[in-house]
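Here is the structure we will look at.
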Amino acid sequence: MACQPRGHLTALQIGSKDVAHIEEERAPVTVASINLENASTLEAGRQFPPDFLWGSATSSYQIEGAAEIDGRGESIWDRFCDVPGAIKDGSNGDVACDHYHRYPEDIALMRRLNLNAYRFSIAWPRILPNGTGQVNQLGLDFYDRLVDALLAAGIQPFPTLYHWDLPQVLEDKGGWPARATAEAFADYAEIVVARLGDRVTDWMTLNEPFVSAYLGHLTGEHAPGRRSLPDCLAASHHLLVGHALAMERVRAAAPGAKVGIVLNFTPVTPIGRSPAARDRQQLVDELNNHWYVDPIGGRGYPQYTVDRLAWARQEVRSGDMDLIARPIDTLGINFYTRQMVGALEGEREDRGAATAMDWEIHPSALGDLLRGLHDRHRFPRYLITENGAAMPDNVRVDGRVIDTDRLEYIAAHLGQVHQAMEDGVPIEGYFAWSLLDNFEWAYGYGPKFGLVAVDMETQHRTPKQSALWYAEVARTGEIRPAS
Ligand code: FCB
């Protein structure tokens, strides 16, 4: 199986996915059913503003397929999926949901679900098969068609420029631990925005740099599969530099566009107050929840962790921290779960129900996170760019997927978003992860996060109960009880 717990990394093995995965191997999965049964009833009647963005989110490698079509170059995920044991079910994104060919059908689905926004990512290896240099017009043409079709359907496009599929040639030249990758990213961003910026007004640079740096370079669970703390730290800095450089290029190429970054947050609930527990709590919290947002908010890297990891900051050039702190227009927030942290790896107490990923369901952590972020940073605008749940989806009635558990998960989190808005946090939209069941990275096609089921044999799409419910929420702007 992929992602074995690795003893030699224990001291630093602290990403939420990491912990979740280790536990999954030890314990049977518990599925949400207990404390969330009534969320949609409890939160019913909360009314969102008429211009609220109701969306769904996907990413290129997870849904597009067409790996070798129209001149697409190799990405680090193509290469990583070939490593024996890297992907739990031995699968890859070669075909995925075949969205590259089926995007008209998928847009029709979004329309049927009353969605007015769509977050997707652009595959760098489609645009620049060699990472830099020669532009592949056919790759740009695809996103051009996609954007036009979205706009024609009344759906606002929210592209993310990088959702983990680095061109393999750039990895071969050093990848994110090398500064040149940040510069190449800015050039790539400019090329994309030059083509789409006349129609796309909202841009995100990176998706979850924490996951790129940490799972890709320290634990090795994600592409490119490195296991080196110096590489992880260098990658983290260059990802932020890349974000900042790209943001400038986007602004130059599309004046008036809004630009931001998507970060993941996994709030920490402390267990125990021993010195060892406090040390891990601060380390885990800073790495997961502050390492990226604090520099962007002008507060620099969290000092405790810088010292604790003995990072000499040799990659940080003069001027970098000011560059990284240039104001963003939008902070995208990805939220799934909280994590309990004590002195020992994987420690837990009083844990609530969990999803099929074994991620605990704890909606109030989202509300607290949103208020806390806004109190600390006062960013002008927030979007919930991912929130959702993998569920077993094993209840079918007349061919329909009855996923009340996912519906209640979303209702509970929407309730938190609405409350945070009432408390003054300027949140303008919510994107459910995900539109479609898709390729869930190292887990392959096992976990099902979609509002819409995809039969991987036939590519047939079936909106689940949660999708039909969400469509009503999007249509009315109001949280409704499950029917
Ligand atoms: C996030 C990723 C997304 C998906 C969800 C479940 O970390 O951004 O691609 O894997 O988790």
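Counting starts at 1 for both ligands and their atoms, in listed order. Since we're looking at a predicted model, the values are computed, not measured.
In summary, the atoms of ligand 1 found under 4.0 Å from a heavy atom of Glu208, numbered by their order in the structure, are 1 (C), 2 (C), 7 (O), 8 (O). Each of the following atoms of ligand 1 lies closer than 4.0 Å to a heavy atom of Phe449: 6 (C). Proximity to Trp441 (heavy-atom distance under 4.0 Å) selects the following atoms of ligand 1: 3 (C), 4 (C), 9 (O), 10 (O).
Taking any N or O of Ser59, backbone or side chain, none lies under 3.5 Å from an N or O belonging to ligand 1. Distances between N or O atoms of Trp164 and those of ligand 1 include no value under 3.5 Å. Every N/O-N/O distance between Trp359 and ligand 1 stays at or above 3.5 Å.
Looking at Asn207 against ligand 1, only its side chain comes within 4.0 Å, counting heavy atoms.
Electrostatic pairing of Glu345 and Arg280 counts as a salt bridge here, judged by a charged N lying under 4.0 Å from a carboxylate O. Taking 4.0 Å as the cut-off between side-chain N and carboxylate O, Arg126 and Asp70 do not count as a salt-bridged pair. The pair Arg396-Asp403 does not count as a salt bridge, with every side-chain nitrogen at least 4.0 angstrom from each carboxylate oxygen.
Contact annotation: Met357 has no heavy atom less than 4.0 Å from any atom of ligand 1.
Between the side chains of Ser434 and Thr58, no donor-acceptor pair is found at a separation under 3.5 Å. No hydrogens or angles considered: nothing links the side chains of Glu64 and Tyr103 as a donor-acceptor pair under 3.5 Å.
Counting only residues at least two apart or on different chains, the salt bridge (charged side-chain N to carboxylate O under 4.0 Å, His left out) pairs with a member in residues 452-466 are Asp106-Arg461, Asp393-Lys464, Asp437-Lys464.
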